[in-house]
Each structure stands twice: as C-alpha cells, then as structure tokens.
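What follows is one structure encoded as structure tokens, with my remarks underneath.
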Number of protein chains: 2
Amino acid sequence: MMETNEYDTYSCPVGKTIELISGRWKPIILYLIQHGINRFGSLQKKMPKISKKVLTEQLRDLEKQGLINRDVRVSKHPQEIFYSLTDTGLSLRELIDQIFDWGTAHLLDETSQKMAKSLMLDQAAK
Amino acid sequence: MMETNEYDTYSCPVGKTIELISGRWKPIILYLIQHGINRFGSLQKKMPKISKKVLTEQLRDLEKQGLINRDVRVSKHPQEIFYSLTDTGLSLRELIDQIFDWGTAHLLDETSQKMAKSLMLDQAAK
DNA sequence: TCAATAAGTTACCAAACAGTAACTATCAAC
DNA sequence: GTTGATAGTTACTGTTTGGTAACTTATTGA
C-alpha cells in the first residue's frame with residue numbers, strides 16, 4: 001500500500017463539508033429554514049444578534065453552495081422573499097442532527113444543555 | 001410552545017462541535033493520529049503544505065479541547081513526543097467518518113473523489 | 001405626499017486565522 | 001566542539017470573517 005500518501009485540505013471531503021456549514025450562523029439558519037422560518041425578517045427576529053449584512057452574506061453563501069433556494073414573490077405588496085432547503089440542504093440537515101447529538105452528549109455546560117433541551121423538544125415534535 | 005425562542009451561536013451545540021474541528025487541518029490530523037501517524041515529524045511529512053507553526057498551534061488546540069494526548073518520552077536520544085486520541089477524540093472520529101461519507105456522496109469533483117477512494121481503502125482495512 | 005415595511009447595500013473597522021522565514025533548545029554521536 | 005535530528009518558537013505579514021451604523025429601493029396604504 002502507498003506509504004507516500006500526502007494529505008491536503010483542498011482534497012479532503014471532511015474539510016469541504018465543514019466549510020459548507022462553518023459560517024458562524026449557518027447551522028442555525030439551516031435549522032430555522034427547515035422549521036418554516038423562511039423570511040429575511042423572521043430569521044432576523046429569531047437571531048437578534050446577527051446583523052443584516054452578515055445574514056445576507058450567509059444566505060447568499062448557502063444559495064451559492066446549493067443548500068437553499070431563494071424565491072421572490074413579486075406579486076405582493078412590498079416584495080416578499082422566501083427561503084427553503086434544497087434536497088442537498090435537507091440531507092445536510094440530517095448530518096447536522098448527528099453533529100447536534102454528538103455535541104449535546106459531549107459538551108456539557110449549562111447554557112448549551114438548556115438550549116439542547118429546548119431544541120430536542122422541537123425535534124421530537126417533528 | 002415558546003414562540004419567542006432566540007438563537008445564538010454561543011448556545012448551539014452544532015456550532016461548538018464544528019469549532020472543535022474547524023481548524024484548517026484538524027480533521028486530517030485526527031485522522032492521521034488515529035492511523036498511527038503520531039509524531040510531529042511524521043505528521044509534517046504526511047501534510048507537506050502545513051507549516052511547523054500551524055501544526056503546533058492545531059496540536060495544542062486539540063490537546064486543550066481534550067481530543068488528543070501529548071506524551072513525552074524523555075528517556076530517548078532527542079526527546080520523542082507521541083500524540084494519541086483521547087476517548088472523546090475517538091468518538092469524534094466516528095462522527096467525522098459520517099461527515100466524510102456525506103461529503104464523498106455529495107461533493108463530486110475529481111480531486112476529492114480520488115482522495116475519497118484512497119481513504120476508503122484505508123477505512124475498509126480498519 | 002409621506003410614513004411604514006421588507007429586504008437589503010455600502011463604507012469602514014477589528015479580531016481571528018493562516019502563512020513564511022529565520023531562530024532556538026536539547027541531546028547524542030562523531 | 002561541531003553536526004544532525006526532533007520539536008518546536010518568534011516576528012512579521014496578509015487574508016478572511018464578523019460586526020456597526022447609516023443609507024437605499026420598491027411598494028402600499030393613510
């Protein structure tokens with residue numbers, strides 16, 4: 001077997017996958033969109049600490065990466081924009097759930113444990 | 001059910017888990033250590049593009065995070081240092097394998113596919 | 001016509017992260 | 001006492017990421 005294998009970040013599927021969701025807010029955004037929070041404004045309300053600029057950036061990224069769709073309804077009063085998960089985005093969410101499970105099992109401080117519980121109720125009610 | 005849930009990156013177990021492995025080289029380092037590449041020098045040989053500084057930083061990080069052990073053998077000629085996975089590190093590797101599977105299934109360019117095949121041989125031979 | 005709402009954009013700033021190149025410390029063998 | 005190996009450290013630089021605050025565009029309803 002080849003002993004001279006060389007490893008680089010550019011050819012590592014793990015690194016590339018993590019890149020997809022390593023924006024500070026991306027896992028949360030994917031989670032919220034999957035749960036029907038699909039407007040710019042309602043996403044902002046759920047994440048009071050994110051700025052418009054960064055929210056726009058991360059949404060554009062996710063769109064470019066093929067994880068979400070951006071649909072404009074021009075027919076309405078002020079134009080309305082709806083975000084939704086693509087198939088790839090949905091399958092990635094399943095992976096993120098596994099990451100979530102590992103995290104709640106291994107990272108034990110009070111804040112994240114509290115969060116974990118409230119999220120798990122949501123998961124159970126899916 | 002509370003509709004006023006607010007989401008923040010500091011209380012998200014997914015974000016925290018991803019932080020553990022979001023150093024540019026960390027998934028690869030964990031992979032190599034698990035496969036017996038456990039010396040500073042041999043790690044460097046497998047990742048020719050990493051600098052000593054960054055390799056040191058990432059190893060120190062992984063140690064602080066409780067994912068690897070750093071053992072010094074002073075008895076020997078030039079002092080020898082051996083890295084190994086902790087239990088947490090090992091369980092994280094299993095998660096990383098799932099991320100790996102998702103990545104190889106969904107990210108299809110030639111370089112990563114080539115890499116994927118060679119890594120899968122290794123996995124099969126575990 | 002003027003305020004309100006939705007969904008941004010722009011300019012600017014600070015911290016985090018990755019990288020290069022040169023230098024260091026320790027010991028053993030020659 | 002100098003060379004070579006192992007495992008770093010230091011100083012400096014450049015890029016990426018996230019953040020603030022103010023401004024913009026389009027449309028509708030009072």
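Lettering follows sequence order; numbering is per chain, from 1. All values reported here derive from a predicted model rather than from experimental measurement.
Phosphate proximity of C/dG8 to A/R60: present, with a side-chain N or O under 4.0 Å from OP1 or OP2. For A/Q58, a side-chain nitrogen or oxygen approaches OP1 or OP2 of D/dG18 to under 4.0 Å. A/R70 has no side-chain polar atom (N or O) that falls below the 4.0 Å cut-off from OP1 or OP2 of C/dA7. Residue B/Y83 places at least one side-chain N or O under 4.0 Å from the OP1 or OP2 atom of D/dG8. The side chain of B/R39 contributes an N or O atom lying less than 4.0 Å from OP1 or OP2 of D/dA7.
Cation-pi geometry between A/R73 and A/F82 is satisfied (NZ or CZ under 6.0 Å from the ring centre, within 45° of the ring normal).
The shortest non-hydrogen separation linking B/K16 to B/Y10 is CE-O, 3.2 Å.
When the C1' atom of D/dT25 is taken as reference, atom CD of A/E80 falls 16 Å away, rounded to whole Å. Here D/dG18 presents its P atom at 11 Å from OH of B/Y10, a figure rounded to the nearest Å. Distance CD1 (A/I81) to P (D/dA26): 13 Å, rounded to an integer number of Å. Regarding A/E57, its CD atom lies at a distance of 14 Å from the P atom of C/dA11, rounded to whole Å. What separates CD of B/E63 from C1' of D/dG8 is a distance of 13 Å, to the nearest Å. Computed from coordinates, the B/L43 CG to D/dG8 C1' distance equals 14 Å when rounded to whole Å. Counting to the nearest Å, the P atom of C/dA21 and the CG atom of B/L55 are 17 Å from each other. Taking atom CZ on B/F40 and atom P on D/dA7, their separation rounds to 8 Å, with Å as the unit.
The OH atom of A/Y83 sits 11.0 Å away from the CG atom of A/N69 when rounded to the nearest 0.5 Å. Distance CH2/B/W25 to CG/B/L32: 10.5 Å, rounded to 0.5 Å.
Between A/K46 and B/E6 there is no salt bridge, since no side-chain N of the basic residue sits under 4.0 Å from a carboxylate O of the acidic one.
Both A/W25 and B/T56 sit near DNA chain D, but only B/T56 has its closest nucleotide nearer the 5' end. The 5' end of DNA chain C is approached more closely, in terms of each residue's nearest nucleotide, by A/S42 than by the other of A/T9 and A/S42.
Of the candidates C/dT9, D/dG18, C/dG19, the closest approach to any side-chain atom of A/K52 belongs to C/dT9. For A/K53, the side-chain atoms get nearest to D/dG18 when compared with the rest of D/dA11, D/dA7, D/dG18.
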